[in-house]
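Notes follow once the structure below has been shown.
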Amino acid sequence: MIIYKTREEIKKIEKADKILAEILDDLLPKYIKAGVTTYELDKIAEDYILSKGAKPGFKGYRAGYLTFPSTLCTSINEEVVHGIPSKKRKLKDGDIISVDVGSIVEGYYGDSARTYSVGKIDDIAKKLMDVTEKSLYIGIEQAKVGNRISDIGHAIQEYIELNGFGVVRDYCGHGVGRYLHEDPQIPNFGPVGRGSKIEDGMVIAIEPMATEGSYKVKTLHDGWTVITKDKKRAAHFEHSIAIIDGKPVILSKL
């Protein structure tokens, strides 16, 4: 069931998302470099969220018998999503790292992600990142009253595949608000004209995940980290948006 939000609720979600934008677009880029551990990045982000009077949105998240242990998801190279920060995992020149983060303000979740380069990266990795990020904005353009949910995914898939990359099928975007994951699901692929009608008051997280090779993925033994089966690299970008006056408004940007 889709939970439509009032303007007051959207303002609370936006507060949570603004903290994430400050982390992803201002704070973390200063620290993402060779030699830094993903644990250090996690600590920086958690301290910042707490300093704002908010709570980490992912830490303690339960999926079945598993509990996510960290504030950030840090996914390097072939890791697509849900990588767990570690004191043993140092960034290296040429890596790409996807950082996904959530926060809670006044009982409402924000959710957003970016992929970063570490030092000098090769041309394919740069194109993968650029195409994935642009596909996010192409998808957001379709999140308007009069369209249906699948119009978002169709536009994302078309652009990513036109540029020679794969689109992950097993994971998708979602509604967000009182709960981190609400209806509707927002697939990054599929035909046009399917799924729920897009209406004012919807708040959704759109998050394309593109791969350098096959779209097929698998989960590592830690129960969380999702990697590409062919071990080729992946990129992930995400914004939370609200539909207001018929149009998408990005909540998770500065």
Pairwise side-chain contact, [X] with [Y], heavy-atom cut-off 4.5 Å (strictly under):
X	Y	result
Ile32	Val118	yes
Ile198	Ile152	yes
Thr67	Tyr61	no
Val167	Met209	no
His239	Ile250	yes
Phe237	Glu207	no
Ile49	Val101	yes
Ile97	Leu91	yes

Given Asp123 and Lys127, is the salt bridge (Lys or Arg N to Asp or Glu O under 4.0 Å) satisfied, shown in steps?
CA-CA 6 Å; Asp123 290 344; Lys127 183 178 178 183; over 6 Å; no
Can you get from [X] to [Y] by hopping between Ile, Leu, Val, Met, Phe, Trp and Tyr side chains that sit under 4.5 Å apart?
X	Y	answer
Val36	Ile23	yes
Ile84	Leu72	no
Ile243	Ile3	no
Leu180	Ile241	no
Tyr48	Leu41	yes

So among Glu78, Glu79, Glu212, which one has a salt bridge (Lys or Arg N to Asp or Glu O under 4.0 Å) with Arg233?
Glu212
Which pair of non-hydrogen atoms, one from [X] and one from [Y], has the smallest distance, and what is that distance?
X	Y	answer
Ser240	Val176	OG-CG1, 4.0 Å
Lys5	Ile10	CB-CG1, 3.8 Å
Phe68	Trp224	N-CZ2, 3.3 Å
Ile206	Leu136	O-CD1, 3.3 Å
Lys90	Asp95	O-OD2, 4.4 Å
Pro248	Lys144	CD-CB, 4.3 Å

Are [X] and [Y] close enough for a salt bridge, meaning some N to O gap below 4.0 Å?
X	Y	value
Asp122	Lys126	no
Lys134	Asp130	no
Lys253	Asp25	no
Asp245	Arg7	yes

When you measure from the centre of the six-membered ring of Phe189, is the NZ or CZ of Arg169 under 6.0 Å away and within 45° of the axis?
yes
Does [Y] offer a backbone N or O that forms a donor-acceptor pair with the side chain of [X] under 3.5 Å?
X	Y	answer
Ser150	Arg194	yes
Asn77	Ile96	yes
Asp200	Gly246	yes
Asp47	Ile44	no
Ser214	Lys216	yes
Asp151	Gly193	yes
Asn147	Gln142	yes
Glu40	Thr37	yes
Thr219	Gly223	no
Glu182	Tyr179	yes

When rounded to the nearest 0.5 Å, the distance separating CD1 of Ile149 from CD1 of Ile204 is 5.0 Å
Measuring from atom NZ of Lys197 to atom CE of Met202, what distance do you get when rounded to the nearest 0.5 angstrom?
11.0 Å
Going by atom types alone, do [X] and [Y] pair a side-chain donor with an acceptor below 3.5 Å?
X	Y	result
Glu9	Tyr108	yes
Ser75	Ser98	no
His236	Tyr171	no
His174	Asp111	yes

For [X], does the [atom1] atom have more than 12 heavy-atom neighbours from other residues, nucleotides or ligands under 6.0 Å away?
X	atom1	result
Tyr31	OH	no
Glu22	CD	yes
Tyr39	OH	no
Ile124	CD1	no

